[in-house]
J.: 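My structure is below; once you've seen it, I'll send some questions.
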Amino acid sequence: MAAEDLILDMLKDAGMLTDAQIVKARDDVGVRASTVLEVLVLTGIVAEKELVTCLTEHFGMEAFNISDHALAPEVLQLVPADFARANKIVPVRCGAGVLTIAMTNPMDVETLDNLNVVLAKNEKTKGLMSETVIAGPSDIQNALDLYYRGEQMAAAVDEASGGDYDSALKNIGEITSGKEGVDEAPIIRFVSAVITQAYRTRASDIHIEPLEKRIRIRYRIDGELVEMESPPKRLQGSILSRIKIMSGMNIAERRVPQDGRIKFTVDKITLDLRVSALPGTHGESVVMRILDKTSLLLGLVELGFLEQDETTFRKLIAMPNGVLLVTGPTGSGKTTTLYGCLNFLNKPDVKLITVEDPVEYMLSGINQVMVNEEINLTFGNALRAILRQAPNIIMVGEIRDTITAEIATQAAMTGHLVFSTLHTNDAPSAITRLIDMGVKPFLVASAVMGVMAQRLVRTICKKCKEECTPDPQLVRTLQLDPEEVKKKTWYHGRGCDNCNNTGYRGRKGIFELMVVNDEIRHLIYQCTPANIIRATARKAGMRSLRDDGLAKAERGITTLEEVLANTVTDVD
């Protein structure tokens with residue numbers, strides 16, 4: 001957009017941007033951000049506060065921090081929700097015949113003209129003039145998510161509930177014939193609203209579960225399942241059929257599990273959803289995983305390391321060869337960490353190849369291979385072929401068997417840097433796991449340079465964050481010194497609209513980073529148990545998952561309850 005180009009030129013003249021950064025940001029538009037300015041703020045290239053300050057000084061306009069104000073519902077209703085979302089604007093106040101609109105780009109004259117047309121068409125707003133104040137892109141997005149949450153979903157549920165079941169099925173069948181007007185079917189709009197609402201509430205998964213007398217819809221938000229408003233049981237068949245058609249599944253097959261993918265656009269951003277259908281007693285259970293493309297934009301800082309671990313981690317991934325393993329249960333953010341590493345290392349003079357099952361995100365400048373068991377393209381076979389491509393860095397999605405483990409360690413021995421994941425509870429256990437899989441101890445000791453275990457903990461909502469006194473029982477369970485606890489300041493979230501009254505918004509990683517030094521290598525040669533390797537690593541300075549979690553609780557990032565819930569097996 002020409003209006004945005006003027007802002008970018010202004011930022012470049014102010015020394016806040018380079019041409020290369022602008023080009024990279026343009027390539028990332030559509031990956032969880034719909035404008036270049038949003039990408040620049042999301043990736044940390046331009047600080048939001050500095051952007052707002054620069055714009056207000058240049059245009060002589062008022063800066064408005066939306067998060068510091070409680071917006072009146074009667075003001076919000078003056079601008080249609082769809083228009084506000086599509087154009088990234090928020091009505092913040094109204095008085096004396098003037099409606100004040102917060103937006104990031106005051107040069108976007110087209111949006112302001114369209115707004116005046118919308119206001120003129122409505123009897124309630126006819127005669128209102130509009131004025132503009134400047135707010136940061138993430139501030140505006142947070143306000144849109146907070147104040148316009150759920151309107152489309154509620155309307156879609158009402159419409160679908162009152163719709164004709166047979167007509168809905170007929171409309172769904174017409175999709176395959178390519179007939180026009182299908183998008184107007186209530187069931188189709190309902191499924192679209194389910195996906196849209198999931199994205200806007202930051203959900204990572206959508207669970208559609210047929211029960212005996214009802215169909216349950218739940219979103220996984222910040223790792224916790226939250227039940228949403230559900231349609232009547234009689235619409236179950238048409239809803240599941242619509243999802244299966246969208247994801248390319250066989251609509252007639254209900255006896256075996258199926259997998260598919262959906263591409264869906266919300267607020268000018270293209271989402272990629274991985275869909276799984278599993279036959280159950282009362283119908284097929286469907287789970288849609290929203291693949292969070294934000295991880296493609298992450299650098300190492302955004303992963304959530306504390307200073308010491310970040311320095312150590314940077315040294316490990318700067319090594320010319322070796323294996324770096326990331327461990328943890330499913331959903332602990334391992335893939336996000338690996339993509340963060342690849343994003344950091346992706347340079348024109350480095351050849352990177354990945355082998356994944358499946359390839360979740362297409363990464364610019366990286367060669368990606370997807371495993372296909374049906375044609376015998378396994379992790380092991382793909383790795384053998386990859387080594388003949390002379391790569392500098394290899395990422396293996398997961399080490400699942402002995403062959404993959406052996407080839408990965410041998411690749412590290414022949415001068416390659418290898419990243420991979422493994423399912424273990426802590427970092428030292430990854431060593432014994434590789435040996436149990438059949439990899440010779442001398443290979444493990446020579447190839448593995450570091451192992452990092454990780455979990456995701458919910459972060460305290462910034463809008464309702466307040467000081468608190470930890471529960472004495474919680475302090476005892478965590479084996480903390482009560483006197484030391486009293487000397488420190490602890491926080492929790494009181495609960496507000498911004499966080500759905502949970503007290504938490506977003507998640508950060510906690511890490512256990514073990515560097516394989518000479519002493520640990522000697523223990524690996526001797527096939528020493530994991531608990532002894534762990535004790536040795538702790539003496540060398542390794543911070544456990546619980547230690548890292550407690551350090552982040554002290555800094556007000558998370559709570560002691562979250563640390564306990566995610567490190568229950570973390571004992572010395």
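Note that this is a predicted model, so its numbers are computed, not measured.
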J.: Enter the distance from Ile407:CD1 to Ile399:CD1 here, rounded to the nearest 0.5 Å.
T.: 10.5 Å

J.: Atom CE in Met395, atom OG1 in Thr421: separation rounded to 0.5 Å?
T.: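 Result: 8.0 Å between the selected atoms.
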
J.: Residues in side chain to side chain donor-acceptor pair (under 3.5 Å) with Thr558, at least two apart?
T.: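 Residues passing side chain to side chain donor-acceptor pair (under 3.5 Å) with Thr558: none at all.
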
J.: Does Met413, at its CE atom, have more than 12 non-hydrogen atoms belonging to other residues, nucleotides or ligands within less than 6.0 Å?
T.: yes

J.: One pair to check against side chain to side chain contact (heavy atoms under 4.5 Å, CB included): Leu422 and Arg433. What are the steps and the verdict?
T.: CA-CA 9 Å; Leu422 204 60; Arg433 172 74 177 131; 3.9 Å; yes

J.: Let me confirm one number: the OG1-CD1 distance from Thr432 to Ile524, rounded to the nearest 0.5 Å.
T.: 9.5 Å

J.: Is the number of heavy atoms from other residues, nucleotides or ligands under 6.0 Å of Lys347 NZ greater than 12?
T.: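 Yes, enclosed.
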
J.: Tell me which one of Thr327, Leu434, Leu316 satisfies side-chain contact (heavy atoms from CB on, under 4.5 Å) with Val451.
T.: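 Passing option: Thr327.
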
J.: Could you give me the CA-CA distance, side-chain angles and deciding distance for Arg274 and Asp259, then say whether salt bridge (Lys or Arg N to Asp or Glu O under 4.0 Å) is met?
T.: CA-CA 8 Å; Arg274 196 169 65 213; Asp259 294 303; over 6 Å; no

J.: Sequence neighbours left out, what passes side chain to side chain contact (heavy atoms under 4.5 Å, CB included) with Ala25? Give chain and number order.
T.: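 By the side chain to side chain contact (heavy atoms under 4.5 Å, CB included) rule, Ala25 matches Val36, Val39, Leu40.
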
J.: Partners of Pro279 by side chain to side chain contact (heavy atoms under 4.5 Å, CB included), sequence neighbours excluded?
T.: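 Pro257.
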
J.: Atom CD1 in Ile187, atom OG in Ser238: separation rounded to 0.5 Å?
T.: 3.5 Å

J.: Between Arg546 and Asp426, is there a salt bridge with N-O shorter than 4.0 Å?
T.: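 No salt bridge links Asp426 with Arg546.
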
J.: Which residue pairs pass the side chain to side chain donor-acceptor pair (under 3.5 Å) test with at least one member in residues 278-289, sequence neighbours excluded?
T.: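 Matches after skipping sequence neighbours: Asp205-Arg289, Lys244-Glu284.
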
J.: Are any of the side-chain nitrogens in Asp222 or Arg505 under 4.0 Å away from the carboxylate oxygens of its partner?
T.: no

J.: Can you check side chain to side chain contact (heavy atoms under 4.5 Å, CB included) on Arg220 and His207, steps first, answer last?
T.: CA-CA 8 Å; Arg220 189 175 294 279; His207 296 255; 4.1 Å; yes

J.: For Asp139, what residues pass the salt bridge (charged side-chain N to carboxylate O under 4.0 Å, His left out) criterion, not counting sequence neighbours?
T.: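 Asp139 satisfies salt bridge (charged side-chain N to carboxylate O under 4.0 Å, His left out) with no other residue.
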
J.: Please identify each residue that fulfils side chain to side chain donor-acceptor pair (under 3.5 Å) with Arg254, with sequence neighbours left out.
T.: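 With sequence neighbours excluded, Arg254 shows a side chain to side chain donor-acceptor pair (under 3.5 Å) to no residue whatsoever.
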
J.: Which residues satisfy the salt bridge (charged side-chain N to carboxylate O under 4.0 Å, His left out) test with Lys88, sequence neighbours excluded?
T.: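 Partners of Lys88 under the salt bridge (charged side-chain N to carboxylate O under 4.0 Å, His left out) test: Glu38.
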
J.: CZ/Arg216 to CD/Gln236 distance, rounded to the nearest 0.5 angstrom?
T.: 12.5 Å

J.: Can you check side chain to side chain contact (heavy atoms under 4.5 Å, CB included) on Leu545 and Ile510, steps first, answer last?
T.: CA-CA 6 Å; Leu545 284 167; Ile510 57 173; 4.1 Å; yes

J.: Name the atoms and distances for all side-chain donor-acceptor pairs under 3.5 Å in residues 382-390, with sequence neighbours left out.
T.:
from	atom 1	to	atom 2	distance (Å)
Arg384	NH1	Asn381	OD1	2.8

J.: Without hydrogens or angle criteria, can the side chains of Thr312 and Asp309 be said to hold a donor-acceptor pair below 3.5 Å?
T.: no

J.: Under a 4.5 Å cut-off applied to non-hydrogen side-chain atoms, are Arg534 and Glu512 in contact?
T.: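 Side-chain contact under 4.5 Å: yes.
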
J.: Could you walk me through whether Arg202 and Asp145 satisfy the salt bridge (Lys or Arg N to Asp or Glu O under 4.0 Å) test, starting with their C-alpha distance in whole Å, then the side-chain angles of each, then the deciding distance to 0.1 Å, before giving a yes or no?
T.: CA-CA 9 Å; Arg202 302 172 294 103; Asp145 292 340; 5.9 Å; no

J.: To the nearest 0.5 angstrom, please state how far the CZ atom of Arg85 sits from the OG1 atom of Thr196.
T.: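 It comes to 9.0 Å.
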
J.: Kindly write out the residues that satisfy salt bridge (charged side-chain N to carboxylate O under 4.0 Å, His left out) with Arg314, not counting sequence neighbours, or none if the list is empty.
T.: Glu310

J.: Between the side chain of Lys552 and the main-chain N/O of Gly304, is any donor-acceptor distance below 3.5 Å?
T.: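 It does hold such a pair.
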
J.: Mind checking salt bridge (charged side-chain N to carboxylate O under 4.0 Å, His left out) for Glu227 and listing every partner two or more places apart, or none if nothing turns up?
T.: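 So Glu227 forms a salt bridge (charged side-chain N to carboxylate O under 4.0 Å, His left out) with Arg214.
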
J.: Using side chain to side chain contact (heavy atoms under 4.5 Å, CB included), reason through Thr354 and Ile394 one step at a time and then give a plain yes or no.
T.: CA-CA 6 Å; Thr354 74; Ile394 302 169; over 6 Å; no

J.: Under 4.5 Å between any side-chain heavy atoms of Met288 and Val275, yes or no?
T.: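 Touching, per the 4.5 Å side-chain cut-off.
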
J.: Under the ring-ring contact (aromatic ring centres under 6.0 Å, His included) test, which residues partner Phe264, sequence neighbours left out?
T.: none

J.: Run the side chain to side chain donor-acceptor pair (under 3.5 Å) test against Thr337 and tell me which residues pass, sequence neighbours left out.
T.: Gln454

J.: Side chains of Pro231 and Ile217: does their closest heavy-atom pair fall under 4.5 Å?
T.: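 In short, these two side chains touch, coming nearer than 4.5 Å.
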
